[in-house]
Amino acid sequence: MDETANEEHAKRVFHNAARKVINGSMSDARVKAVTVYFKKVKGQRMTNKQACEIHLTAEEYKQSEVDWLTAHPEAWVKLCEYWASDEYKVISDRNRLNRKSKPGLHRFGADGFIGKSQRMV
């Protein structure tokens, strides 16, 4: 492989990895917003597993907080509105059903199932 091809490959790998990290961060942020809302506003404990299944209204999301996002109020409001949108809910529910339909799939992180099995021993 020549240097230009290596650089293009590196850019693709970086782009794909960055996209996964950002998507995961946004998903985690929504779940945290739900758990914080239930704790702060309703006074109820909520696990992440339970929170994954719940969609709040835009106003309910806005009453919550995720430290690294609520520091940017305009972005936080837009994100709350997006999470409450019918468009987002359809995608979220579809993806949740897809994940549940493949119970044998595991996400072990960067070292894969071999590293996970070695750590379990």
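Quick note: residue numbers are just sequence positions, from 1.
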Problem set entry | From CA spacing to verdict: side chain to side chain contact (heavy atoms under 4.5 Å, CB included), K32, D67 | CA-CA 10 Å; K32 182 174 182 179; D67 54 359; 4.1 Å; yes
Exercise. Can you tell me if CZ on R45 sees more than 12 non-hydrogen neighbours from other groups inside 6.0 Å?
Worked result: no
Problem set entry | Pairing residues for K49 by the side-chain contact (heavy atoms from CB on, under 4.5 Å) criterion, not counting sequence neighbours | T47
Exercise. From F38 CZ over to E60 CD, what is the distance, rounded to the nearest 0.5 angstrom?
Worked result: 7.5 Å
For this session: Over all heavy atoms of both residues, which pair between A58 and A84 is shortest? Give the atoms and the distance, please.
Result: N-CB, 3.2 Å
Problem set entry | Separation between CD of E65 and CH2 of W76, rounded to the nearest 0.5 Å | 8.5 Å
For this session: To the nearest 0.5 angstrom, please state how far the SG atom of C52 sits from the CG atom of N48.
Result: 6.5 Å
Exercise. Between K78 and E74, is the closest basic N to carboxylate O distance under 4.0 Å?
Worked result: no
Exercise. Would you say the side-chain atoms of S92 pair up with the backbone N or O of K89, donor to acceptor, closer than 3.5 Å?
Worked result: no
Exercise. When you look at CG of N16, are more than 12 heavy atoms from neighbouring residues, nucleotides or ligands closer to it than 6.0 Å?
Worked result: yes
Exercise. If you take all heavy atoms of M26 and W68, which pair is closest and at what distance?
Worked result: CE-CH2, 3.2 Å
For this session: Provide the closest heavy-atom pair for M46 versus T35 in the form atom of the first, atom of the second, distance.
Result: O-CG2, 3.6 Å
Exercise. Is there a chain of hydrophobic side chains (I, L, V, M, F, W, Y, each step under 4.5 Å between heavy atoms) that links I54 to V36?
Worked result: no
Problem set entry | Nearest-0.5 Å distance, CZ of residue R30 to CG of residue L56 | 7.5 Å
Seminar exercise, completed: Nearest heavy-atom approach of L69 to A29 is CD1-CB, 3.6 Å
Seminar exercise, completed: With sequence neighbours left out, the residues meeting side-chain contact (heavy atoms from CB on, under 4.5 Å) with S85 are Y82, E87, Y88
Problem set entry | NZ/K40: more than 12 non-hydrogen atoms of other groups inside 6.0 Å | yes
For this session: Please report the closest heavy-atom contact between T70 and S64, naming both atoms and the distance.
Result: CG2-O, 4.2 Å
